[in-house]
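What follows is a set of notes on a single structure, which appears directly below.
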Amino acid sequence: MSVIASNLQAVKARIERAAIAAGRAPESVALLAVSKTWPLACVLEAAAAGQRAFGENYVQEGCEKIQSCPVPTLEWHFIGPLQSNKSRPIAEHFAWVHSIDRLKIAERLSAQRPAALPPLQVCIQVNVSGEASKSGCMPDEALALVRAVAQLPRIQVRGLMAIPEPVDDEARQRAPFRQMKILFDQICAAGIPLDTLSMGMSHDLEAAVAEGATLVRIGTAIFGERHYA
Ligand SMILES: *Cc1c(COP(=O)(O)O)cnc(C)c1O
């Protein structure tokens with residue numbers, strides 16, 4: 001078995017253990033393989049091991065991979081910071097965007113989404129722990145932003161996404177994820193049916209699953225340590 005295939009198996013086992021410990025069905029947590037910085041060959045190795053959904057952070061790198069990918073059934077998610085002047089290739093190539101943090105960028109993506117493609121599936125990114133990156137809307141702005149984005153014709157709002165500050169101990173990891181789950185439930189209760197809570201990475205997936213993540217975004221634990229050029 002390839003290293004990537006066995007890493008994938010190990011990550012799925014971690015998700016399964018965390019779900020069962022939380023009294024949740026393991027199938028209720030989807031796995032997004034974050035392939036940023038890794039060549040298409042690594043994506044294809046993961047695909048051969050059964051992985052279908054892949055996450056990319058950089059527009060040009062992601063679009064090049066998507067366009068040269070010989071497997072048409074893969075599902076590509078954009079999870080990186082959004083710049084207005086680079087929104088068009090995202091609207092044209094990706095199935096999902098997790099990092100919507102303002103109405104203006106959602107309006108651009110909706111306007112640029114080709115009519116021949118299904119609506120763009122999106123999550124609203126929430127800045128839940130005042131993280132250094134400063135991306136994401138404030139928690140108290142999330143409901144209004146979800147409502148506004150939900151009106152756009154070529155976009156379907158699916159949920160919320162967060163990237164909390166990295167910390168080591170699980171109790172501290174869980175606090176921002178718990179806040180996200182409360183916000184998620186409040187928005188659902190306000191009449192907007194969300195089904196995706198995108199949170200949890202290689203170092204904190206157990207904490208995220210314990211608090212209700214429905215999708216974890218995993219790079220390092222599948223592909224190895226990244227080396228930025
Ligand atoms: C890189 C990245 C990940 C994956 O992080 P790992 O720690 O390698 O698992 C997940 N989400 C986002 C938004 C990322 O940028």
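Counting convention: from 1, in listed order, for ligands and their atoms alike.
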**OP:** Below 4.0 angstrom from a heavy atom of Thr220, which ligand 1 atoms are there? Numbered from 1 as shown, please.
**Re:** 6 (P), 7 (O), 8 (O), 9 (O)
Subject >> Numbered atoms of ligand 1 (with element) below 4.0 Å of Gly219, judged on heavy atoms >> reply: 4 (C), 6 (P), 8 (O), 9 (O)
Subject >> Location of contacts on Asn57 toward ligand 1, heavy atoms closer than 4.0 Å >> reply: side chain
Original post:
Stepwise, does the ring-ring contact (aromatic ring centres under 6.0 Å, His included) test hold for Phe94 with Trp76?
Top reply: CA-CA 5 Å; Phe94 285 85; Trp76 294 89; 7.1 Å; no
Subject >> ligand 1 contacted by His98 (non-hydrogen, < 4.0 Å) >> reply: no
Subject >> Min N/O separation His203 to ligand 1 under 3.5 Å >> reply: no
**OP:** Just jot down the ligand 1 atoms closer than 4.0 angstrom to any heavy atom of Ile163, in number order.
**Re:** 13 (C)
Original post:
Given Glu211, which of Arg174, Arg24, Lys181 fulfils the salt bridge (Lys or Arg N to Asp or Glu O under 4.0 Å) condition?
Top reply: Arg174
Original post:
At what distance is the nearest protein heavy atom to atom 9 (O) of ligand 1, and which residue and atom is it?
Top reply: Ser202 OG, 2.5 Å
Original post:
Which residue and non-hydrogen atom of the protein lie closest to atom 11 (N) of ligand 1, and at what distance in Å?
Top reply: Arg217 NE, 2.9 Å
Original post:
His77 vs His98 aromatic rings, parallel, tilted or perpendicular, using cut-offs 30° and 60°?
Top reply: tilted
**OP:** Show the numbers, then the answer: is there a side-chain contact (heavy atoms from CB on, under 4.5 Å) between Phe223 and Ile4?
**Re:** CA-CA 6 Å; Phe223 296 107; Ile4 288 174; 3.8 Å; yes
Original post:
For atom 5 (O) of ligand 1, what is the nearest protein heavy atom, given as residue, atom name and distance?
Top reply: Met201 CE, 3.4 Å
**OP:** Applying side-chain contact (heavy atoms from CB on, under 4.5 Å), run through Leu143 and Gln186 and close with a yes or a no.
**Re:** CA-CA 8 Å; Leu143 174 59; Gln186 283 170 347; over 6 Å; no
Subject >> Stepwise side-chain contact (heavy atoms from CB on, under 4.5 Å) test for Ser84 and Arg102 >> reply: CA-CA 11 Å; Ser84 297; Arg102 55 199 188 277; 3.9 Å; yes
**OP:** Measure the CD-CD1 distance between Glu92 and Ile66 for me, rounded to the nearest 0.5 Å.
**Re:** 11.5 Å
**OP:** Pull out every atom of ligand 1 sitting under 4.0 Å from any heavy atom of Ile79, numbered as shown with elements.
**Re:** 11 (N), 12 (C), 13 (C), 14 (C)
Subject >> Atom of Ser35, atom of Lys65 and distance for their closest heavy-atom approach >> reply: O-NZ, 2.8 Å
Original post:
Where does Lys36 meet ligand 1, judged by heavy-atom distances below 4.0 Å: at the side chain, the backbone, both, or neither?
Top reply: side chain
Subject >> Atoms in ligand 1 with a heavy atom of Ile218 nearer than 4.0 Å >> reply: 9 (O)
